[in-house]
Amino acid sequence: NGNPMRPRMNGNPMNGNPMNMRNMNMNTMRPVQRAGGTNQISTSYGSKIKVKGNMFDILAIEERLKIPKIYIFAERAEKTTVEVWTKIGTYSGNESRKNKWTKVHVEDIIGKGSSTPVHLNNFKCPIVVGAGEIQAFYVYSSSRILFSTSANKSGALIKNADAELNRGVSLPKLFGVPNPNYLWDGGVSYETNFGETNCSWQRRAPATGMLPRKNPKPKRVVVRRKKPKTKRVVPRKKNNKRKRIVRRKKTKPKQMGMP
(Lines give C-alpha, C1' and ligand atoms only; values in the text may rest on other atoms or scores of the structure.)
Protein backbone atom coordinates (compact mmCIF):
# COMPACT_ATOMS: atom_id res chain seq x y z
CA ASN A 1 0.00 0.00 0.00
CA GLY A 2 3.05 2.26 -0.04
CA ASN A 3 3.13 2.88 3.73
CA PRO A 4 5.79 1.21 5.89
CA MET A 5 4.69 -1.43 8.36
CA ARG A 6 4.26 -0.18 11.89
CA PRO A 7 5.89 -2.70 14.23
CA ARG A 8 4.84 -3.27 17.78
CA MET A 9 7.46 -1.97 20.17
CA ASN A 10 8.32 -4.25 23.10
CA GLY A 11 12.02 -3.47 23.49
CA ASN A 12 13.85 -1.08 25.77
CA PRO A 13 15.80 2.03 24.77
CA MET A 14 19.48 1.36 24.49
CA ASN A 15 20.76 4.44 26.31
CA GLY A 16 22.57 5.84 23.32
CA ASN A 17 25.24 3.16 22.80
CA PRO A 18 24.75 1.78 19.27
CA MET A 19 27.48 -0.82 19.59
CA ASN A 20 25.40 -2.90 22.03
CA MET A 21 23.02 -4.00 19.30
CA ARG A 22 23.16 -7.69 19.92
CA ASN A 23 23.04 -7.43 23.71
CA MET A 24 19.74 -5.54 23.78
CA ASN A 25 16.15 -6.72 23.71
CA MET A 26 14.98 -5.72 20.26
CA ASN A 27 11.94 -5.99 18.03
CA THR A 28 12.31 -8.75 15.46
CA MET A 29 10.18 -8.82 12.33
CA ARG A 30 10.31 -10.12 8.79
CA PRO A 31 11.67 -7.81 6.14
CA VAL A 32 8.97 -6.04 4.17
CA GLN A 33 9.31 -7.33 0.60
CA ARG A 34 8.60 -4.74 -2.08
CA ALA A 35 8.29 -4.97 -5.84
CA GLY A 36 11.54 -5.47 -7.70
CA GLY A 37 13.25 -7.45 -4.93
CA THR A 38 13.67 -4.43 -2.64
CA ASN A 39 13.20 -4.90 1.11
CA GLN A 40 12.45 -2.31 3.74
CA ILE A 41 13.11 -1.97 7.45
CA SER A 42 11.01 0.70 9.12
CA THR A 43 10.43 2.29 12.50
CA SER A 44 7.26 3.25 14.30
CA TYR A 45 5.68 6.57 13.30
CA GLY A 46 2.89 8.95 14.27
CA SER A 47 4.88 11.06 16.73
CA LYS A 48 4.32 14.81 17.00
CA ILE A 49 7.86 15.69 18.11
CA LYS A 50 9.81 17.63 15.48
CA VAL A 51 13.57 17.96 15.15
CA LYS A 52 16.07 19.21 12.58
CA GLY A 53 18.22 16.10 12.27
CA ASN A 54 18.62 12.43 13.20
CA MET A 55 21.61 10.08 13.16
CA PHE A 56 21.09 6.31 13.05
CA ASP A 57 22.96 3.06 12.29
CA ILE A 58 22.29 0.11 9.98
CA LEU A 59 23.94 -3.26 10.66
CA ALA A 60 24.07 -5.86 7.86
CA ILE A 61 23.63 -9.15 9.74
CA GLU A 62 24.69 -11.96 7.38
CA GLU A 63 24.63 -10.57 3.84
CA ARG A 64 25.84 -7.32 2.42
CA LEU A 65 23.16 -4.72 1.75
CA LYS A 66 22.74 -2.20 -1.04
CA ILE A 67 20.83 0.87 0.14
CA PRO A 68 19.52 2.98 -2.76
CA LYS A 69 17.30 5.36 -0.76
CA ILE A 70 15.47 6.06 2.50
CA TYR A 71 12.16 7.61 3.47
CA ILE A 72 11.25 10.01 6.26
CA PHE A 73 8.24 11.52 8.03
CA ALA A 74 8.01 15.30 7.81
CA GLU A 75 5.55 18.02 8.75
CA ARG A 76 3.29 19.47 6.08
CA ALA A 77 5.03 22.68 5.11
CA GLU A 78 6.53 24.56 2.23
CA LYS A 79 9.49 23.16 0.35
CA THR A 80 12.34 22.31 2.67
CA THR A 81 15.84 21.13 1.81
CA VAL A 82 16.81 17.73 3.23
CA GLU A 83 20.38 16.41 3.27
CA VAL A 84 21.53 12.81 3.75
CA TRP A 85 25.03 12.14 5.08
CA THR A 86 26.71 8.80 5.70
CA LYS A 87 29.89 7.24 7.06
CA ILE A 88 31.41 3.80 7.57
CA GLY A 89 30.93 2.62 11.14
CA THR A 90 28.69 3.93 13.90
CA TYR A 91 27.63 7.53 14.37
CA SER A 92 28.51 7.34 18.08
CA GLY A 93 31.40 9.63 18.88
CA ASN A 94 31.14 11.38 15.51
CA GLU A 95 28.13 13.60 16.09
CA SER A 96 30.18 16.79 15.88
CA ARG A 97 32.93 15.61 13.50
CA LYS A 98 31.77 16.83 10.12
CA ASN A 99 34.98 15.74 8.41
CA LYS A 100 34.10 12.09 9.12
CA TRP A 101 30.87 12.26 7.07
CA THR A 102 30.12 12.37 3.34
CA LYS A 103 27.05 14.10 1.93
CA VAL A 104 25.37 11.72 -0.54
CA HIS A 105 22.00 13.34 -1.22
CA VAL A 106 20.28 16.74 -1.26
CA GLU A 107 16.61 17.18 -2.11
CA ASP A 108 13.78 19.68 -1.69
CA ILE A 109 10.68 18.03 -0.22
CA ILE A 110 7.16 18.84 0.92
CA GLY A 111 6.16 16.98 4.08
CA LYS A 112 3.03 14.80 4.26
CA GLY A 113 2.52 14.58 8.01
CA SER A 114 3.55 12.19 10.76
CA SER A 115 1.77 9.14 9.30
CA THR A 116 2.59 9.37 5.58
CA PRO A 117 6.19 8.79 4.49
CA VAL A 118 8.11 10.98 2.10
CA HIS A 119 10.20 8.75 -0.17
CA LEU A 120 13.41 10.49 -1.15
CA ASN A 121 14.81 9.98 -4.63
CA ASN A 122 17.51 7.38 -5.17
CA PHE A 123 21.01 8.27 -4.14
CA LYS A 124 23.32 9.07 -7.02
CA CYS A 125 25.39 6.11 -5.89
CA PRO A 126 23.77 3.44 -3.65
CA ILE A 127 25.49 2.71 -0.33
CA VAL A 128 26.86 -0.82 0.04
CA VAL A 129 27.18 -2.19 3.59
CA GLY A 130 29.42 -5.23 4.00
CA ALA A 131 28.18 -8.30 5.90
CA GLY A 132 28.64 -7.77 9.63
CA GLU A 133 29.45 -4.08 9.16
CA ILE A 134 27.72 -0.93 10.41
CA GLN A 135 26.89 2.09 8.27
CA ALA A 136 25.77 5.37 9.85
CA PHE A 137 23.30 7.81 8.29
CA TYR A 138 22.43 11.39 9.13
CA VAL A 139 19.24 13.05 7.88
CA TYR A 140 19.19 16.82 8.30
CA SER A 141 16.61 19.43 7.27
CA SER A 142 16.99 23.18 7.00
CA SER A 143 13.83 23.59 9.12
CA ARG A 144 12.52 21.69 12.14
CA ILE A 145 10.12 19.42 10.26
CA LEU A 146 11.42 15.87 10.83
CA PHE A 147 9.26 13.77 13.13
CA SER A 148 11.03 11.93 15.93
CA THR A 149 9.80 9.54 18.65
CA SER A 150 10.50 9.85 22.36
CA ALA A 151 12.94 7.19 23.59
CA ASN A 152 10.73 6.64 26.63
CA LYS A 153 7.79 5.49 24.51
CA SER A 154 9.45 3.29 21.92
CA GLY A 155 12.34 0.87 21.45
CA ALA A 156 15.61 2.08 19.99
CA LEU A 157 16.32 -1.07 17.95
CA ILE A 158 14.45 -2.64 15.05
CA LYS A 159 15.58 -5.97 13.61
CA ASN A 160 14.63 -8.29 10.78
CA ALA A 161 16.36 -11.26 9.16
CA ASP A 162 18.72 -9.04 7.16
CA ALA A 163 19.42 -5.89 9.15
CA GLU A 164 19.35 -4.15 12.49
CA LEU A 165 18.34 -0.50 12.68
CA ASN A 166 19.49 1.55 15.64
CA ARG A 167 17.23 4.61 15.71
CA GLY A 168 20.00 6.75 17.12
CA VAL A 169 19.76 10.32 18.34
CA SER A 170 18.54 13.74 17.25
CA LEU A 171 20.56 16.91 16.71
CA PRO A 172 19.46 20.55 17.04
CA LYS A 173 21.89 21.74 14.35
CA LEU A 174 23.91 20.32 11.47
CA PHE A 175 26.66 18.87 13.68
CA GLY A 176 27.06 19.19 17.42
CA VAL A 177 25.91 17.77 20.75
CA PRO A 178 23.27 15.02 20.24
CA ASN A 179 20.03 14.52 22.14
CA PRO A 180 19.53 10.79 22.97
CA ASN A 181 15.90 11.35 24.07
CA TYR A 182 14.49 11.42 20.52
CA LEU A 183 14.70 8.54 18.01
CA TRP A 184 14.53 8.61 14.22
CA ASP A 185 11.20 7.98 12.45
CA GLY A 186 11.60 6.57 8.95
CA GLY A 187 12.63 3.58 6.91
CA VAL A 188 15.46 2.21 4.78
CA SER A 189 15.08 0.46 1.43
CA TYR A 190 17.70 -2.17 0.66
CA GLU A 191 18.60 -5.15 -1.52
CA THR A 192 20.52 -8.31 -0.60
CA ASN A 193 21.02 -10.12 -3.91
CA PHE A 194 22.81 -7.76 -6.25
CA GLY A 195 25.84 -7.73 -8.45
CA GLU A 196 28.18 -5.04 -9.55
CA THR A 197 26.87 -1.49 -9.65
CA ASN A 198 27.62 1.40 -11.95
CA CYS A 199 29.61 3.16 -9.27
CA SER A 200 33.33 2.94 -9.84
CA TRP A 201 34.15 2.83 -6.14
CA GLN A 202 31.83 -0.20 -5.72
CA ARG A 203 33.44 -1.98 -8.67
CA ARG A 204 36.77 -1.69 -6.90
CA ALA A 205 35.51 -2.96 -3.53
CA PRO A 206 31.90 -4.21 -3.76
CA ALA A 207 31.76 -5.68 -0.25
CA THR A 208 33.47 -3.04 1.83
CA GLY A 209 30.78 -0.38 1.97
CA MET A 210 33.31 2.22 0.91
CA LEU A 211 32.03 5.68 0.15
CA PRO A 212 32.67 7.26 -3.23
CA ARG A 213 35.96 9.05 -3.32
CA LYS A 214 36.45 12.30 -5.07
CA ASN A 215 38.96 11.98 -7.87
CA PRO A 216 41.72 14.41 -7.01
CA LYS A 217 42.60 16.80 -9.77
CA PRO A 218 46.13 16.24 -11.06
CA LYS A 219 48.44 18.87 -9.73
CA ARG A 220 49.80 21.18 -12.35
CA VAL A 221 53.55 21.09 -12.30
CA VAL A 222 55.09 24.35 -13.35
CA VAL A 223 58.78 24.14 -14.22
CA ARG A 224 60.42 27.47 -13.72
CA ARG A 225 63.75 28.04 -15.36
CA LYS A 226 66.29 29.62 -13.15
CA LYS A 227 67.70 32.82 -14.52
CA PRO A 228 71.50 32.88 -14.73
CA LYS A 229 73.02 34.87 -11.98
CA THR A 230 74.66 38.07 -13.20
CA LYS A 231 77.09 40.19 -11.26
CA ARG A 232 75.61 43.46 -10.44
CA VAL A 233 77.94 46.29 -11.31
CA VAL A 234 77.57 49.10 -8.88
CA PRO A 235 78.78 52.39 -10.38
CA ARG A 236 81.25 54.26 -8.28
CA LYS A 237 80.06 57.48 -6.88
CA LYS A 238 81.96 60.52 -7.97
CA ASN A 239 83.64 62.43 -5.20
CA ASN A 240 82.46 65.95 -5.76
CA LYS A 241 84.16 67.29 -2.73
CA ARG A 242 86.86 69.77 -3.51
CA LYS A 243 90.33 68.95 -2.42
CA ARG A 244 91.47 71.09 0.40
CA ILE A 245 94.54 73.10 -0.57
CA VAL A 246 96.84 73.83 2.28
CA ARG A 247 98.90 76.89 1.64
CA ARG A 248 102.08 77.29 3.61
CA LYS A 249 103.32 80.69 4.63
CA LYS A 250 106.55 81.82 3.04
CA THR A 251 109.37 82.44 5.48
CA LYS A 252 112.25 84.77 4.81
CA PRO A 253 115.64 83.10 4.72
CA LYS A 254 117.90 83.90 7.64
CA GLN A 255 120.74 86.24 6.79
CA MET A 256 124.16 84.99 7.67
CA GLY A 257 126.27 87.43 9.73
CA MET A 258 129.60 88.76 8.54
CA PRO A 259 132.69 87.22 10.09
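Nothing fancy with the numbering, it's 1 onward along the sequence. Heavy-atom basis, side chains included; hydrogens, waters and symmetry copies ignored.
- With hydrogens and angles disregarded, a donor-acceptor distance shorter than 3.5 Å links the side chain of Thr43 to the backbone of Gly186.
- In this pair, Phe175 and Trp101 present their aromatic rings tilted. The plane angle is within the 30 to 60° band.
- Residues Arg144 and Glu75 share a closest heavy-atom pair of O-OE1, 4.0 Å.
- In this structure, the side chain of Glu95 engages the main chain of Gly93 through a donor-acceptor pair within 3.5 Å.
- Asp162 and Thr192 are not linked by any side-chain donor-acceptor pair at a separation below 3.5 angstrom, with hydrogens and angles left out of the test.
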Practice task
Assess whether side chain to side chain contact (heavy atoms under 4.5 Å, CB included) is satisfied between Ile49 and Ser150, documenting all intermediate values.
Solution key: CA-CA 8 Å; Ile49 301 171; Ser150 172; 4.0 Å; yes
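- With rounding to the nearest 0.5 angstrom, the CD1 atom of Ile110 is 6.0 Å from the NZ atom of Lys79.
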Problem - CA sep, side-chain torsions, deciding dist, call: Ser114, Lys48, side-chain hydrogen bond (donor to acceptor under 3.5 Å, both in side chains) - result: CA-CA 7 Å; Ser114 61; Lys48 300 301 180 182; 3.3 Å; yes
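- Using modelled atom types, one finds no donor on one side chain facing an acceptor on the other under 3.5 Å when comparing Asp185 with Ser148.
- Residues that satisfy the side-chain contact (heavy atoms from CB on, under 4.5 Å) test with Asn179, not counting sequence neighbours, are Ser170, Asn181, Tyr182.
- In plain terms, the two heavy atoms of Lys87 and Lys100 that are nearest each other are CB-O, 3.4 Å.
- Here the straight-line distance linking atom OG of Ser42 with atom CD1 of Ile70 works out to 13.0 Å at 0.5 Å rounding.
- Under a 3.5 Å cut-off, the side chain of Asn160 and the backbone N or O of Ala163 do form a donor-acceptor pair.
- Going from atom OG1 of Thr90 over to atom CD1 of Ile58 covers 11.5 Å, rounded to the nearest 0.5 Å.
- Taking the six-membered ring where tryptophan is involved, the planes of Tyr71 and Phe73 are perpendicular, since the angle between them exceeds 60° and thus also 30°.
- Taking each heavy atom of Ile41 and Ile158 in turn, the nearest pair found is CD1-O, 3.7 Å.
- For the residue pair Gly113 and Arg76, the shortest heavy atom distance occurs at N-CG, 3.7 Å.
- In this model, a donor atom of one side chain and an acceptor atom of the other lie less than 3.5 Å apart for Ser44 and Arg167.
- Nearest heavy-atom pair across Arg64 and Gly130 is CB-CA, 4.0 Å.
- Scanning all heavy atoms of the two residues, the minimum distance from Val188 to Ile67 falls at CG1-CG2, 3.6 Å.
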Problem - side-chain hydrogen bond (donor to acceptor under 3.5 Å, both in side chains) between Tyr91 and Asp57, worked out - result: CA-CA 7 Å; Tyr91 69 84; Asp57 287 339; 5.4 Å; no
Exercise for the section: Start with the C-alpha gap between Leu65 and Phe194, add the side-chain angles, then the distance that decides, and say whether side chain to side chain contact (heavy atoms under 4.5 Å, CB included) holds. Expected result: CA-CA 9 Å; Leu65 307 177; Phe194 58 93; 5.6 Å; no
Exercise for the section: Mind running side chain to side chain contact (heavy atoms under 4.5 Å, CB included) on Val51 and Asn54 for me, showing each step along the way? Expected result: CA-CA 8 Å; Val51 298; Asn54 287 98; 3.3 Å; yes
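- With hydrogens and angles disregarded, a donor-acceptor distance shorter than 3.5 Å links the side chain of Ser141 to the backbone of Ser143.
- Note that OG1 of Thr86 is 3.5 Å distant from CD of Gln135, once rounded to the nearest 0.5 Å.
- Separating the CH2 atom in Trp184 from the CD1 atom in Ile72 is a distance of 8.5 Å, to the nearest 0.5 Å.
- Here the side chain of Thr80 pairs a donor or acceptor atom with the backbone of Glu78 at under 3.5 angstrom.
- With rounding to the nearest 0.5 Å, the separation of OH in Tyr140 from NZ in Lys103 is 10.5 Å.
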